[in-house]
Amino acid sequence: MAYSDDASLRIVVGGIKKGPVRRYGKGIVEEDDLGWFFYDRGCKVKEVRLVVDTKRGDASRGFGFVDFEDYESLNLALKLHNTKAKGLAGKDGRLKIEQARAATDEGRKIQQELLDVRFKTEEMEAELAFHEASLNELVREVKRKRERQNLSQAPELQLQEEKRRQSAIRQAMETIKDAKQRMHTAIQVEEERATAMEAIVISVDGEQTRR
C-alpha cells in the first residue's frame, strides 16, 4: 500500500532505538513492534513507516510515522508522549510523540538535507575523537622513548630525536585542527538548515506559507 500524503491522522514518533533493522520479506520487525506498541494501548493502527537509512547499513534513524483509522486513536496516541517503551525506545527509554504536519516537496527536501548534515556531523565528531586519542597516545609514546633514550644517547642524537618528535606532533595537531574546522563548518550548515526549516509553516492541505 502506498504511503498516504494525508497527515490528518498521523503522528511522528521520535526516540526510537537507532541501529540496523531486521527485515523479513517485505516487512521490518521494528516497524511491527512500533505498530503493536500503539495497538496494545487501544489505538486502531492503519499504517507504520520507520525511517531507515539504507546508505548507512540499513539502520533506523530513530524516528518514524504512524497513521490511525480515526481521531479517537490519534488522540489516544498523542497522550502516550514520553511513555516508556523497553526494547523499542533509545537511550532514555521513552518515545517522543507529536502530531505530524503535511509537508511540501521543498519542506521534505530541507528535512532530508538536515538529516544528512546531522549524520555527517556525527561522523566528523567520531573522526575528531579518534585523532585526539591518537595524538594523546603519540605524546605518551614520546615521553616513554625520551626517558629511555636520555639514558643512552649523546646530546647531538637527543636533539635530532626531539626535533623529529616535534615534527610528528605538529603533523598530528594539524590533522586535528583540520578535522575541527570541517566539523564547525558542518555544524554551521546544520544550523542554517534548521533555521530554514523553522521558517517554513506547512498547512494541512499542503499550502506553504512563511512566518
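The figures that follow rest on heavy atoms only: side chains count, while hydrogens, waters and symmetry mates do not.
- For the residue pair R61 and D53, the shortest heavy atom distance occurs at NH2-OD2, 3.1 Å.
- Following chains of ILVMFWY side-chain contacts shorter than 4.5 Å, one can reach L128 starting from V139, so the two form part of one hydrophobic cluster.
- Here the closest non-hydrogen pair linking S73 and G42 is OG-O, 4.5 Å.
- Rounding to the nearest 0.5 Å places OH of Y71 at 5.0 Å from CG of L9.
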Pairs of donor and acceptor atoms involving the side chains of residues 82-90, under 3.5 Å and at least two apart or interchain, shall be tabulated with distances.
| residue | atom | partner | partner atom | Å |
| --- | --- | --- | --- | --- |
| N82 | OD1 | K96 | NZ | 2.6 |
| T83 | OG1 | L80 | O | 2.4 |

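- Closest non-hydrogen pair, L78 versus E98, comes out as CD2-C, 3.8 Å.
- Other residues, nucleotides and ligands contribute more than 12 heavy atoms inside 6.0 Å of the CD atom of Q99.
- Nearest heavy atom pair, residue A77 against residue I11, reads CB-CD1, 4.1 Å.
- Under the ring-ring contact (aromatic ring centres under 6.0 Å, His included) criterion, F38 pairs with F68, not counting sequence neighbours.
- Residue C43 holds its SG atom at 11.5 Å from CD of E69, rounded to the nearest 0.5 Å.
- Considering I97, V12, L34 in turn, L34 is the only one that fulfils the side chain to side chain contact (heavy atoms under 4.5 Å, CB included) rule with V66.
- Here CD of E141 is found 13.0 Å from OG of S134. Values are rounded to the nearest 0.5 Å.
- Atoms NZ and NZ, on K17 and K91 in that order, are 13.0 Å from each other to the nearest 0.5 Å.
- Taking CE from M173 and CD1 from I169, the interatomic distance works out to 8.5 Å, rounded to the nearest 0.5 Å.
- V48 and V21 fall within a single hydrophobic cluster, where Ile, Leu, Val, Met, Phe, Trp and Tyr side chains are chained together by heavy-atom contacts under 4.5 Å.
- Within the structure, the salt bridge (charged side-chain N to carboxylate O under 4.0 Å, His left out) test picks out the following pairs touching residues 28-44 (sequence neighbours left out): R22-E30, R22-D33, K44-D70.
- Between S60 and L50, the shortest heavy-atom distance links the atoms OG-CD1, 3.9 Å.
- Atoms NE2 and CG, on H81 and L95 in that order, are 10.0 Å from each other to the nearest 0.5 Å.
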